[in-house]
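Just follow the structure's listing: the first ligand is 1, and inside any ligand the first atom is 1. Computed from heavy atoms alone, side chains included, the values below leave out hydrogens, waters and symmetry copies.
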Amino acid sequence: MQKMIWPNNKKFAFTIFDDTDHATVENVSLIYDFLKDLGFRTTKSVWPIKGVQKPKIGGDTCENPQYLKWIYGLQKDGFEIGLHNVTYHTSERADSIRGIERFKELFGDYPKTMANHSGCKESIYWGSFRVGGIAQFVYLLGNLFRGYNTYRGHIQGDSLFWGDICQERIKYVRNFVYDEINTLKICPQMPYHDPKRSYVQNWFAATEGQTIDLFLRSCSEKNIARLEEEGGACIMYTHLAKGFSENGLLNEEFRKVMESLSSKNGWFVPVGELLDYIKMQRGDYEISNLDRNRLEWNWLLYKMKVGHS
Ligand SMILES: [Zn+2]
């Protein structure tokens, strides 16, 4: 894969996809103020509609007027608003359609980027369906065959099916997360189309940063220096509501890491814009069986080592 030439003589790219689990105005707005002041424009995912059941993992939805007002402010400031399924629990097809239309009403367009929420059984190609063949068997074995067939958003005829809507409306969906700061190095194919998972237009990978500790480990000084040197691109996958601030104060290590990053000659645009740029430079990419095997096994080995992602 050719080396990317970044716009405006930038040396590398860095962005964040923020999973909205647990997020409220109170626990994440100070983080966004900080990112904005440093010049980062990243992706904040949302739940457009409020669920009727009690969620296992909750957080604010766009039905909360105060939260929505704050999200509008982010959008105005140049942050991307992405989707994390339509709400925090499983949605039937009609609700998925309603939620995605609501997203368009609220934000002017359909979501460009999405990540599945594990609490939603309509998540698409999720759980054991993230991988295929022997990798799927190993995945299931690792999970003691629990949860086979749990996630069904891509299964035509199922009451949770919304694959056709996803294919029509959403440009990029996240799958694999790796313990590698240069996401584009471990997944040079991204954004890619997978003919075996064709309800998703394009897939992207991400770098491990689910919690503050993992985020800081991925963004060590050494790793960031390598990202810069390799001219790579990093899409951090994280939950900014999970330990990045406490009692109204930013985590000190996080503050240092982001300040140092912002002083470097990096391109700090949202996930959708970054993927559009790579796609435009490189053209469309359909993965081969060999590519898929490599992506799946690299991920599976990492997952077996750490037990999540
Ligand atoms: Zn989630």
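- In terms of distance to the Zn ion (ligand 1), the nearest N, O or S atom of H117 is named ND1.
- No side-chain donor from either of Y151 and N116 sits under 3.5 Å from a side-chain acceptor of the other.
- No close placement of the Y302 and Y178 rings is indicated, their centers lying 6.0 Å or farther apart.
- Environment of CD in E105: crowded, with over 12 heavy atoms of neighbouring residues, nucleotides or ligands closer than 6.0 Å.
- Defined by atom type and a distance below 3.5 Å, a donor-acceptor pair is missing between the side-chain atoms of E168 and Y110.
- Under 2.8 Å from the Zn ion (ligand 1) lies an N/O/S atom of H84, whether from backbone or side chain.
- The Zn ion (ligand 1) sits nearest to atom OD1 when only the N, O or S atoms of D21 are considered.
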